[in-house]
> 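Could you have a look at this structure, given as structure tokens, before my questions?
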Amino acid sequence: MKAIVYQKYGSPENLRLTDLDKPVPKDHEVLVKVHAASVNYGNLVLLKGKPFLARFAYGLLKPKHTIPGGDIAGQVEAVGKEVTQFQPGDNVFGDLSGCGWGGYAEYVSVPEKALALKPANISFEEAAAVPMAGVTALQALKDKGNIKAGQKVLIYGASGGVGTFAVQIAKSFGAEVTGVCSTRNLDILHTLGADHAIDYKKEDFTKRTEKYDLILAVNGYQPISVYKRALRSNGIYVLAGGSGAQFTQAMVLGPWISLTGNKKMRSMLQRQNQEDLIYMKELLEAGKVKPVIDRLFKLSEADKAFRYFEEGHAQGKVIIKISDAY
């Protein structure tokens, strides 16, 4: 099979298209013929080995997982003898970040808990856009943010991979959603159902008198004090992405602010979860969420896909199309 492999941390130039043996599923594993995969921030961390703390999980001196790729969508080709949820021929999608990665390959063998049946009303490319970004948005809003109907929700970085899902998921909960993005992405937010859109290049949202019940930051570099001021009493701020300084402030100052006041400042890292993936499947099948795809790349163009993703201006998701055989 063809696969993208890298042997040392660094730039996208380290990615190589290579021939490898096709994997054989173990008793509790599913062999998937991969049709599409996507690029996420986690893939970039895996490639670069930065921030350095990530190396304690991914390999201190060299990568432990040499085939990147977390999100996949494809078709089940074979199953291990203990597998109960899937059978050959099933169309599936899933998140491999908790079980060794390996999505940038024509085939991958993974535990069945990493997968769910693919929504029938979307393409493989659209399905590959969902698992990590969609579940990140869901966990941030539902689990960390305790989102409720009627709340005013602000999403900073609303036009990227996580942000486009967050806008739609928040609307599905019945929230009034304000998205913050650049000028060229304003139309996308309205298309996704955002009630209000703020162009950060022209307006500072903190200058508004509006206060929010829930703020989700998935991009940017605003200090935590800015978000605190924009929260209502008993409001919740959740950091799911952005600059290193934002993460540091959320981890160091967030707990102190939460203990000494009536506003909660939280940070989160997405965790692979089959129940959340199935929840996303139901939202997709109900038409409440629609993946936004910016660009498609071939497997042989994985380095180009990473370089484009690194620029940080993608409107929605960057997809790597692996197979045309469907």
Side-chain angles (χ1 to χ4, degrees), residues 1-4 12 15 17 30 32-44 67-77 86 89-97 101-108 110 114-138 159-169 185 188 191-192 272 277-278 280-311 313-326:
M1 70 172 186
K2 299 289 185 183
I4 293 294
L15 299 171
L17 184 63
V30 175
V32 180
K33 179 176 177 58
V34 183
H35 295 323
S38 76
V39 183
N40 294 284
Y41 177 72
N43 302 131
L44 203 58
I67 303 175
D71 291 340
I72 64 162
Q75 188 173 70
V76 175
E77 181 156 304
F86 306 101
D90 285 344
N91 293 329
V92 295
F93 71 140
D95 174 5
L96 315 186
S97 62
W101 302 78
Y104 296 164
E106 291 179 321
Y107 293 89
V108 66
V110 298
L115 303 170
L117 291 172
K118 182 184 81 67
N121 59 330
I122 64 174
S123 68
F124 285 104
E125 291 79 13
E126 289 173 318
V130 176
M132 293 183 74
V135 169
T136 296
L138 178 65
S159 60
V162 174
T164 51
F165 284 113
V167 168
Q168 298 175 83
I169 292 170
N185 295 322
I188 289 178
T191 300
L192 295 176
Q272 184 273 327
L277 190 60
I278 293 171
M280 288 301 304
K281 172 182 180 288
E282 293 170 351
L283 287 179
L284 290 156
E285 288 180 332
K288 294 181 178 180
V289 172
K290 177 76 172 176
V292 176
I293 295 177
D294 184 304
R295 291 192 186 183
L296 292 171
F297 292 86
K298 299 176 183 177
L299 183 62
S300 59
E301 300 174 321
D303 57 334
K304 295 179 182 178
F306 269 76
R307 281 195 293 270
Y308 180 68
F309 181 81
E310 273 188 292
E311 293 173 4
H313 302 300
Q315 297 172 315
K317 295 288 294 178
V318 176
I319 302 298
I320 296 177
K321 189 170 182 176
I322 295 174
S323 170
D324 291 315
Y326 58 89

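Because the structure is predicted, anything quoted here is derived from the model rather than measured.
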> Testing Val130, Val292, Leu192 for side-chain contact (heavy atoms from CB on, under 4.5 Å) with Phe165, which one passes?
Val130
> Report yes or no: does Lys298 contribute a side-chain atom to a donor-acceptor pair with the main-chain N or O of Ala302 at less than 3.5 Å?
no
> Which pair of non-hydrogen atoms, one from Ile169 and one from Leu138, has the smallest distance, and what is that distance?
CD1-N, 3.8 Å
> Quick one: are Pro119 and Glu282 in side-chain contact, heavy atoms under 4.5 Å?
no
> Working to the nearest 0.5 angstrom, can you tell me the gap between Phe297 CZ and Phe306 CZ?
11.0 Å
> How long is the gap from NZ on Lys33 to OG on Ser323, to the nearest 0.5 Å?
4.0 Å
> At their closest point, which heavy atom of Met280 faces which heavy atom of Val135, and how far apart are they?
CG-CG2, 4.2 Å
> Show the nearest heavy-atom pair for residues Tyr41 and Phe309, with the distance to one decimal.
N-CZ, 3.5 Å
> Give the C-alpha distance, both sets of side-chain angles, the deciding distance and a yes or no for side chain to side chain contact (heavy atoms under 4.5 Å, CB included) between Phe86 and Val92.
CA-CA 9 Å; Phe86 306 101; Val92 295; 3.8 Å; yes
> Taking the cut-offs as 6.0 angstrom to the six-membered ring centre and 45 degrees off its axis, would you call Lys281 and Phe93 a cation-pi pair?
no
> Quick one: pull up CG in Asp303 and CG in Leu15 and give me the separation to the nearest 0.5 Å.
6.5 Å
> Can you see which heavy atom on Ala36 is nearest to which on Ile319, and at what distance?
CB-CG2, 4.2 Å
> Checking side-chain contact (heavy atoms from CB on, under 4.5 Å) against Ile72, which of Ile322, Leu115, Ile320 comes through?
Leu115
> Would you kindly say whether Glu285 and Asn121 are connected by a side-chain donor-acceptor distance under 3.5 Å?
no
> Any salt bridge linking Glu126 with Lys290? Criterion: basic side-chain nitrogen under 4.0 Å from a carboxylate oxygen.
yes
> Of the non-hydrogen atoms in Gln75 and Gly89, which two are nearest, and what is the gap between them?
NE2-O, 3.4 Å
> Using the test side chain to side chain donor-acceptor pair (under 3.5 Å), find all partners of Ser97 that sit at least two apart in sequence or belong to another chain.
Asp95
> Indicate the ring-plane relationship of Phe124 and His35, choosing parallel, tilted or perpendicular according to the 30° and 60° boundaries.
perpendicular
> Salt bridge between Glu125 and Lys321, side-chain N to carboxylate O under 4.0 Å?
yes
> Please name all residues satisfying side chain to side chain donor-acceptor pair (under 3.5 Å) with Gln315, sequence neighbours left out, ordered by chain then number.
Asn185
> Has Ser38 got a side-chain atom pairing as donor or acceptor with Ala128's backbone, closer than 3.5 angstrom?
yes
> Measure the spacing between CG of Leu299 and CG of Leu17 and express it to the nearest 0.5 Å.
5.5 Å
> State, to 0.1 Å, how close Leu284 and Pro291 come at their nearest heavy-atom pair, and which atoms those are.
CD2-CD, 3.7 Å
> Looking at CZ of Arg295 and NZ of Lys304, how far apart are the two atoms once the value is rounded to the nearest 0.5 Å?
11.5 Å
> With Asn40 as reference, evaluate Asp71, Val162, Thr136 under the side-chain contact (heavy atoms from CB on, under 4.5 Å) test and give the passing residue.
Asp71
> Enter the distance from Leu277:CG to Met132:CE here, rounded to the nearest 0.5 Å.
12.0 Å
> Tell me, with the steps shown, if Leu96 and Val108 meet side chain to side chain contact (heavy atoms under 4.5 Å, CB included).
CA-CA 9 Å; Leu96 315 186; Val108 66; 3.9 Å; yes
> Any side-chain heavy atom of Trp101 sitting closer than 4.5 Å to one from Pro68?
no
